Enquirer: 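One structure coming up, written as structure tokens, with questions to follow.
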2 protein chains.
Amino acid sequence: MLTNKTKAQTKAGKTYQLILDAAAKLFSKQGYHGTSLKEIASNVGMQAGSLYYHFESKEVLMQEVLDKSIQLIYSTVQSEVAKLDKQAGFAELLTAAIHGHLIAILSYSDYTLASIRNYGQIPAAVHKASQFARDDYEQFWRGFIQQAERTGAIREGVDGHLLRLSVFGAMNWASVWFDSKENNAADVEKIAKFQANIFLNGCLPEGEKYGI
Amino acid sequence: MLTNKTKAQTKAGKTYQLILDAAAKLFSKQGYHGTSLKEIASNVGMQAGSLYYHFESKEVLMQEVLDKSIQLIYSTVQSEVAKLDKQAGFAELLTAAIHGHLIAILSYSDYTLASIRNYGQIPAAVHKASQFARDDYEQFWRGFIQQAERTGAIREGVDGHLLRLSVFGAMNWASVWFDSKENNAADVEKIAKFQANIFLNGCLPEGEKYGI
DNA sequence: GTTAGAATCTAATACACTTTAGAAAAATAA
DNA sequence: TTATTTTTCTAAAGTGTATTAGATTCTAAC
């Protein structure tokens, strides 16, 4: 053929995305095992069997959803961090990373919720496909926190490992209680600033310290 | 009959608990829809059909697991808080509550993981059974945080609502990465102290503040 | 308008699931 | 021991599942 369309322009390419979106939405709400191919197909106006023209199995479909989830998060975080000055310090970096992560998981919540909710209750083989991307993203956080530990941007005695896990927890949990119908982008920024503020400064009144 | 045994002593009572434990373990690992009654029954040496002598349906079985999960968490937190002096301040209270919550979700992780992982992907009717207990527990946290806001134990401008949700996120997320085979009770206490420390004091070096 | 290829549907296979009813076995009481 | 109750099993019903193969329809190039 003479016309040379990119994947996103072909009919199959568009259908592929529609299916992926529907799958992410349903996986996030009902879990992997609680969602049937018939239901996914129905959401895009197809019959269950027709999905197999686009995906080779339900497991692969889930793999794609998980993979896209990580890609969305990491790229959003990177674009937020890229806005910073070159000489931005740890506090600015942490704030930007939290903001990016929250934008991703609260705006593309179908994908990220599918990832968060189903992680741990899907076959191990399904995980592997997105493991590299997940490691990459984790390494990014490890990296700038470790540097903060070395340069003294973090208080002596604060375990960087536990800090990262706690920040992740606070952020990811937001995808459970945040209601994207009631809230908007401004609210996301408010949450991001709050969490960065708390993890940097704590919640005690200025000048007060407890137990250190 | 003359003998008047308590429920836990009867054969049925013991079997009931065994089934509940097996169900919690499997629900936590594979999710509600990913776990079959056959699998649960097999874990206690029974046939799937026999479960119906003890439970009227799979949904009710899940309800019991969710209910026990909340009971375990709340009672553990209460017993930790009860150890405090009467005039204990907000910082002590928060630390004790975090410790109790973490003990519960990391020690009885089958039940609590089943609750956390399946929340949001099970039929609404299943939720309702444990909603009251959940509300009670949430009210406990709301209560002492609101009081801290009123008395100035929390810095001006810190939203108590977001603080509670962030603390919950950091704690509950621990159930995802914490490995009870590798770690022990001492590690749980370490995590609790770390999280209380971070939420109270932040991670910046002493004397430093950012953005306030 | 014809034709090749892309996209979807239909219908069936094979299997797993929850739940039920009644038989069987085990435990307890008389 | 015998009778009764409690507990478990067996077998089946009915429904839903992922997946496949082949027929069918739609799309786009010529």
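Only heavy atoms go into these numbers, but all of them, side chains included; no hydrogens, no water, no symmetry mates. Numbered from 1 within each chain, the chains take letters A, B, ... in sequence-line order. Please read all numbers here as calculations on a predicted model, not as lab measurements.
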Enquirer: Counting only side-chain nitrogens and oxygens, does A/S50 get under 4.0 Å of the OP1 or OP2 atom of C/dC9?
Expert: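 Indeed, a polar side-chain atom of A/S50 lies that close.
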
Enquirer: Between A/Q47 (CD) and D/dT17 (P), how many Å, whole number?
Expert: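 Atom CD in A/Q47 sits about 13 Å away from atom P in D/dT17.
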
Enquirer: Rounded to whole Å, how long is the line connecting atom CG of A/L37 with atom P of C/dA14?
Expert: 19 Å

Enquirer: To the nearest Å, give me how far apart NE2 (A/H33) and P (C/dC17) are.
Expert: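 The answer, rounded to whole Å, is 11 Å.
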
Enquirer: Could you check whether A/H101 and A/N172, counting side-chain N and O atoms only, form a donor-acceptor pair closer than 3.5 Å?
Expert: yes

Enquirer: Using a cut-off of 4.0 Å on non-hydrogen atoms, how would the nucleic acid contact of A/G45 be classed: base, sugar-phosphate, or nothing?
Expert: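 The answer is sugar-phosphate, as A/G45 gets under 4.0 Å only of primed atoms, P, OP1 or OP2.
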
Enquirer: Measure from CZ on B/F55 to P on C/dT18 and round the result to the nearest Å.
Expert: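 Result: 14 Å.
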
Enquirer: It should be established whether A/H54 places a side-chain nitrogen or oxygen under 4.0 Å from OP1 or OP2 of nucleotide C/dT8.
Expert: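 For A/H54, the contact criterion (side-chain N or O under 4.0 Å from OP1 or OP2 of C/dT8) is met.
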
Enquirer: Could you state the atom-to-atom distance from NZ of B/K38 to C1' of C/dT19 in whole Å?
Expert: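 Value for this atom pair: 15 Å.
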
Enquirer: Just the rounded figure in Å: distance from C1' of C/dA7 to OH of A/Y52.
Expert: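 Rounding to the nearest Å, OH of A/Y52 and C1' of C/dA7 are 17 Å apart.
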
Enquirer: Measure from NZ or CZ of B/K58 to the centre of the six-membered ring of B/Y52, then state whether that distance is under 6.0 Å and the direction lies within 45° of the axis.
Expert: no

Enquirer: If I take atom CD1 in residue B/I40 and atom P in nucleotide C/dT19, what distance separates them, rounded to the nearest angstrom?
Expert: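 Checked: the CD1 to P distance equals 11 Å.
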
Enquirer: Can you figure out which of C/dC9, D/dC9, D/dA18 approaches the side chain of A/M46 most closely?
Expert: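 Given the options C/dC9, D/dC9, D/dA18, the side chain of A/M46 is closest to C/dC9.
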
Enquirer: What's the separation between atom OG in B/S115 and atom CG in B/L72, rounded to the nearest 0.5 Å?
Expert: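 Those atoms lie 10.5 Å apart.
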
Enquirer: Just the rounded figure in Å: distance from P of D/dT10 to CG of B/L51.
Expert: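 After rounding, the reported distance stands at 14 Å.
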
Enquirer: Need one value for A/S36: base, sugar-phosphate or nothing, where a base atom within 4.0 Å counts as base even if backbone is also close, heavy atoms only.
Expert: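 The answer is sugar-phosphate, as A/S36 gets under 4.0 Å only of primed atoms, P, OP1 or OP2.
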
Enquirer: Hey, is OH on B/Y137 packed in by over 12 heavy atoms from elsewhere, all under 6.0 Å?
Expert: yes

Enquirer: Verify whether the ring centers belonging to A/F55 and A/Y16 lie closer than 6.0 Å.
Expert: yes

Enquirer: Should B/Y53 be listed as having a side-chain N or O under 4.0 Å from OP1 or OP2 of D/dT8?
Expert: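 Looking at the OP1 and OP2 atoms of D/dT8, neither is under 4.0 Å from any side-chain N or O of B/Y53.
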
